[in-house]
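Below you'll find the structure, written out as structure tokens, and then a few comments.
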Amino acid sequence: MTNDPRPLFARATEQAADLIASVRAEQLDGPTPCTEFDVRTLLSHLTGATHRVAVVAEGGDAVAVRPFAEGVPDDGWTAAYDEARTRAVKAWAGDDLLDAVVRLPFGEMPGRAALSAYVLETVTHTWDLSEALGHPRELDPELAEFALTVARRMLPDEERDENTPFATARPAPEGADAYGRLAAWLGREPLSRA
């Protein structure tokens, strides 16, 4: 696993941005594998969480930042996410942040661990969005492998409870790719296309 998650974070946000740009208005009310979110709410969360990780790097209070973007018009998600990701990538440019202890809503940790958690967040929700949209783009398997490594370390199945934002791990289907294994580890089910 890499010691510097910044290039992977930049790639993960670029991948998410590409997918967000493909969302059509009629898809915004559709379901996602993240069962509490429809597509619109998922876009709001991706954008808000990316603002939050920027605030962390800028020395602000992540707890004070709501992990949802509000007031974004339906045709404004591409621009809103691009603004958030550009800010976050720039905010994390300093090497000193990797070893600095930062405070997230779920605890204090070195910057490299915090940013790795946001790679996991971004990659997971990008898979959710891809599922919701019917897989319009091929996703980067290296990002999923990294996210799965982070998930296994930060979210051991035996330590999850009702406060954990991910369900209990389920077995991955035989032959599952990295995204399928990541989704299974996080308790996600692909959407039924019946």
Side-chain angles (χ1 to χ4, degrees), residues 1-21 34 42-69 78-130 137 139-160 163-166 169 177-179 181-183 185-186 188:
M1 184 154 110
T2 182
N3 202 25
D4 184 352
R6 293 174 299 179
L8 292 170
F9 178 71
R11 281 173 45 201
T13 64
E14 184 177 333
Q15 176 173 258
D18 183 51
L19 196 56
I20 289 167
C34 190
L42 180 60
L43 296 176
S44 174
H45 181 59
L46 271 163
T47 304
T50 304
H51 274 297
R52 180 182 264 181
V53 75
V55 167
V56 167
E58 294 164 351
D61 181 7
V63 176
V65 179
R66 193 160 140 44
F68 293 92
T78 298
Y81 186 75
D82 278 341
E83 178 185 321
R85 80 182 193 89
T86 298
R87 177 182 173 192
V89 169
K90 182 180 178 186
W92 281 93
D95 291 339
D96 58 320
L97 286 170
L98 295 177
D99 294 317
V101 174
V102 297
R103 185 170 156 243
L104 300 175
F106 48 88
E108 292 185 354
M109 62 190 67
R112 78 182 71 248
L115 194 57
S116 293
Y118 278 91
V119 172
L120 167 62
E121 173 99 359
T122 304
V123 170
T124 300
H125 287 314
T126 299
W127 178 84
D128 290 333
L129 183 59
S130 180
R137 309 254 189 297
L139 299 178
D140 183 335
E142 184 182 358
L143 292 173
E145 290 290 356
F146 179 82
L148 180 57
T149 299
V150 172
R152 287 182 172 150
R153 188 178 62 232
M154 293 182 124
L155 295 164
D157 192 44
E158 61 277 0
E159 293 181 19
R160 295 183 206 177
N163 297 317
T164 304
F166 299 101
D177 67 6
Y179 282 91
R181 294 190 313 275
L182 174 63
W185 184 258
L186 299 175
R188 285 183 162 47

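For the residue pair L129 and I20, the shortest heavy atom distance occurs at CD2-CG1, 3.8 Å. Listed here is the closest heavy atom pair of V56 and A62: CG2-CB, 3.4 Å. Closest approach of T122 and A12 over heavy atoms only: CG2-O, 3.6 Å. Across Y118 and A49, no two heavy atoms sit closer than the pair CE2-O, 3.6 Å. Among all heavy-atom pairs drawn from A91 and A54, the shortest one is CB-O, 3.8 Å. Contact record, F106 with A117: CZ-CB, 4.1 Å, taken as the closest heavy-atom pair.
Taking a 6.0 Å sphere around CD of E83, one finds it holds 12 or fewer heavy atoms contributed by other residues, nucleotides or ligands.
A side-chain donor-acceptor contact under 3.5 Å links Q15 to the backbone of D140. Remark: the backbone N or O of T126 is not paired with any side-chain donor or acceptor of S130 at under 3.5 angstrom.
Rounding to the nearest 0.5 Å places OG1 of T47 at 9.5 Å from CG of D82. Within the model, atoms CZ of R188 and CG of D128 stand 4.0 Å from one another, a figure rounded to the nearest 0.5 Å. One distance of note links CG of D4 with CH2 of W92; it measures 10.5 Å at 0.5 Å rounding. Interatomic distance, CG of L186 versus CG of L148, reported as 8.0 Å (0.5 Å rounding).
Taking 4.0 Å as the cut-off between side-chain N and carboxylate O, R112 and D99 count as a salt-bridged pair. The pair E14-R85 does not meet the salt-bridge criterion, since no charged nitrogen lies less than 4.0 angstrom from a carboxylate oxygen.
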Kindly determine whether T50 and E121 satisfy side-chain contact (heavy atoms from CB on, under 4.5 Å), including the steps that lead there.
-> CA-CA 9 Å; T50 304; E121 173 99 359; over 6 Å; no
V123 and R11: side-chain contact (heavy atoms from CB on, under 4.5 Å), yes or no, with the steps?
-> CA-CA 10 Å; V123 170; R11 281 173 45 201; over 6 Å; no
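Between F9 and V53 there is a side-chain heavy-atom pair separated by less than 4.5 Å. A 4.5 Å side-chain heavy-atom check between T13 and T86 finds every atom pair outside the cut-off. Counting heavy atoms from C-beta outward, L98 and P5 have side chains that approach closer than 4.5 Å. At least one side-chain heavy atom of L8 sits under 4.5 Å from a side-chain heavy atom of E142. Using a 4.5 Å cut-off on side-chain heavy atoms (C-beta onward), L182 and L120 make contact. A 4.5 Å side-chain heavy-atom check between V119 and F146 finds at least one atom pair inside the cut-off. Within the 4.5 Å cutoff, the side chain of L115 has no heavy atoms near those of the L97 side chain. Put simply, the side chain of L43 does not reach to within 4.5 Å of the side chain of Y81, judged on heavy atoms.
Aromatic ring pairs are classed by plane angle as parallel below 30°, tilted from 30° to 60° and perpendicular above 60°; the pair F68 and H45 is tilted.
Results of the salt bridge (Lys or Arg N to Asp or Glu O under 4.0 Å) test with D61 over R52, R66, R103 single out R103 as the only residue that passes.
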